[in-house]
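What follows is a single structure, written as structure tokens, with notes after it.
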Amino acid sequence: QLEGLCAFLQLSTCPEHLLVRFCSWLLALTPQLSYTSATILAEQLFLRRVLSLTQPPSRHLMAALASFCSEYSQSFCRVLVAAVLREPGEGAEQPKLVCELVEECLEPDCLQLVLSQILEVPLSEKLLPIVQAVLGRQVRGSPLSPGFPCWLQQCWIKDHVSSLLVALFQEVLPPELFDLLVLTLCRQAPAFATSLNYAKLVTAVLTMYQSQVS
């Protein structure tokens, strides 16, 4: 029924400024949408728009995505992130978009879901920055929360990979997920022998999780 209603309202092709207003209305709903309903809406509202991007998304589309993602991260990941991972596209707009949403909007409890989704598909040059964005959020998610001392926030911003702060505030990945990440990076190393993104990612893993790397 919901899919039929979306088709009747032409939500997949409606003007993007109306998409922002629709998402604002969704956020005001009480109670929240079910996971199934939110997943259907994520597909109807955004999937075609995101996969067809050939240039950076408009501010209206970004606002709608950020709004929806902040409230329904699980559905967003299951539909949009999964689709981008399966089909990164010829250009770089889709992976860039996912990176930005991971860094700015995604709920912290969905970061491990995104990482597990990435590790289910063959790694590519376009996906490496997404992995790094996820790991970056794992580290900086807690320190910049409300009430965190201002002087420590300034230190964090200046040097967010400080070993002291990492040790204090890092959200440790589950052992099985961390082991899979390391195993994947090791197995894929020959394919990324000349990749700067791969080198940055390995350096980030060694810095953030040095206590877990033997």
Side-chain angles (χ1 to χ4, degrees), residues 1-134 136-137 140-141 144 146:
Q1 291 180 337
L2 182 56
E3 289 178 335
L5 178 61
C6 291
F8 176 75
L9 296 175
Q10 299 182 321
L11 293 181
S12 63
T13 57
C14 74
E16 290 178 354
H17 70 280
L18 296 180
L19 194 62
V20 177
R21 296 169 67 177
F22 183 77
C23 287
S24 298
W25 175 78
L26 285 179
L27 296 187
L29 286 178
T30 304
Q32 290 184 335
L33 295 171
S34 68
Y35 171 78
T36 301
S37 295
T39 300
I40 292 171
L41 280 174
E43 181 176 352
Q44 294 292 322
L45 293 173
F46 301 115
L47 188 58
R48 181 185 300 178
R49 300 174 196 269
V50 168
L51 294 182
S52 64
L53 285 174
T54 57
Q55 57 187 2
S58 70
R59 62 185 180 87
H60 289 301
L61 179 55
M62 277 304 301
L65 282 164
S67 177
F68 187 91
C69 183
S70 66
E71 194 69 33
Y72 298 106
S73 289
Q74 289 274 354
S75 298
F76 175 85
C77 291
R78 292 297 184 188
V79 174
L80 289 164
V81 173
V84 170
L85 295 180
R86 288 193 303 268
E87 303 176 32
E90 294 299 322
E93 295 307 327
Q94 289 79 11
K96 282 182 181 178
L97 175 62
V98 172
C99 276
E100 186 170 348
L101 292 170
V102 165
E103 291 170 348
E104 304 296 338
C105 308
L106 203 64
E107 288 295 305
D109 60 358
C110 286
L111 295 174
Q112 293 178 17
L113 171 59
V114 174
L115 183 57
S116 65
Q117 287 178 304
I118 294 172
L119 296 178
E120 290 174 358
V121 301
L123 278 183
S124 67
E125 188 71 27
K126 293 178 182 178
L127 299 184
L128 294 178
I130 301 178
V131 180
Q132 193 161 359
V134 170
R137 274 290 305 277
R140 76 172 188 273
L144 299 184

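Note that the coordinates shown come from a computational prediction; the quantities given were computed from them, not determined experimentally.
Considering CD of Q44 and OG1 of T39, their distance stands at 12.0 Å, rounded to 0.5 Å. Remark: L47 CG to S12 OG distance equals 10.0 Å, nearest 0.5 Å. Taking SG from C105 and CG from L65, the interatomic distance works out to 8.5 Å, rounded to the nearest 0.5 Å. Distance check: I40 CD1 to S34 OG gives 7.5 Å after rounding to the nearest 0.5 Å. The distance from atom CD of E103 to atom CZ of R137, rounded to the nearest 0.5 Å, is 9.0 Å. We find the CD-CZ distance between Q117 and R78 to be 6.0 Å, quoted to the nearest 0.5 Å.
Looking at heavy atoms from C-beta onward, L27 lies in side-chain contact with S67 at the 4.5 angstrom threshold. You'll find the side chain of T13 reaches within 4.5 Å of the side chain of R48, heavy atoms only. Taking the side chain as every heavy atom from C-beta outward, R49 and L19 approach each other to under 4.5 Å. L106 has its side chain out of reach of V81: every pair of non-hydrogen atoms, C-beta onward, lies at least 4.5 Å apart. At a threshold of 4.5 Å between non-hydrogen side-chain atoms, the residues F46 and V79 do not count as touching. Contact check for F76 versus L101: side-chain heavy atoms found under the 4.5 Å cut-off. Side-chain contact between L97 and M62 is present, with heavy atoms from C-beta onward closer than 4.5 Å.
Y72 places a side-chain N or O within 3.5 Å of a backbone atom of L33 that can act as its donor or acceptor partner. Between the side chain of Q94 and the main chain of V50, a donor-acceptor pair closer than 3.5 Å is present. Not one N or O on the side chain of Q74 forms a donor-acceptor pair closer than 3.5 Å with the backbone of Y35. No donor-acceptor pair closer than 3.5 Å links the side chain of S73 to the backbone N or O of C110.
What you find for P95 and V84 is that their closest heavy atoms are N-CG1, 4.1 Å. Taking every heavy atom of both residues into account, C23 and L45 meet most closely at SG-CD1, 4.4 Å. Nearest heavy atom pair, residue A38 against residue F68, reads O-CZ, 3.3 Å. Scanning all heavy atoms of the two residues, the minimum distance from C77 to V114 falls at SG-CG2, 3.6 Å.
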Before you tell me yes or no, could you show the steps for I118 and L123 under side chain to side chain contact (heavy atoms under 4.5 Å, CB included), namely the whole-Å CA-CA distance, both residues' side-chain angles and the distance that decides it to 0.1 Å? CA-CA 7 Å; I118 294 172; L123 278 183; 3.8 Å; yes
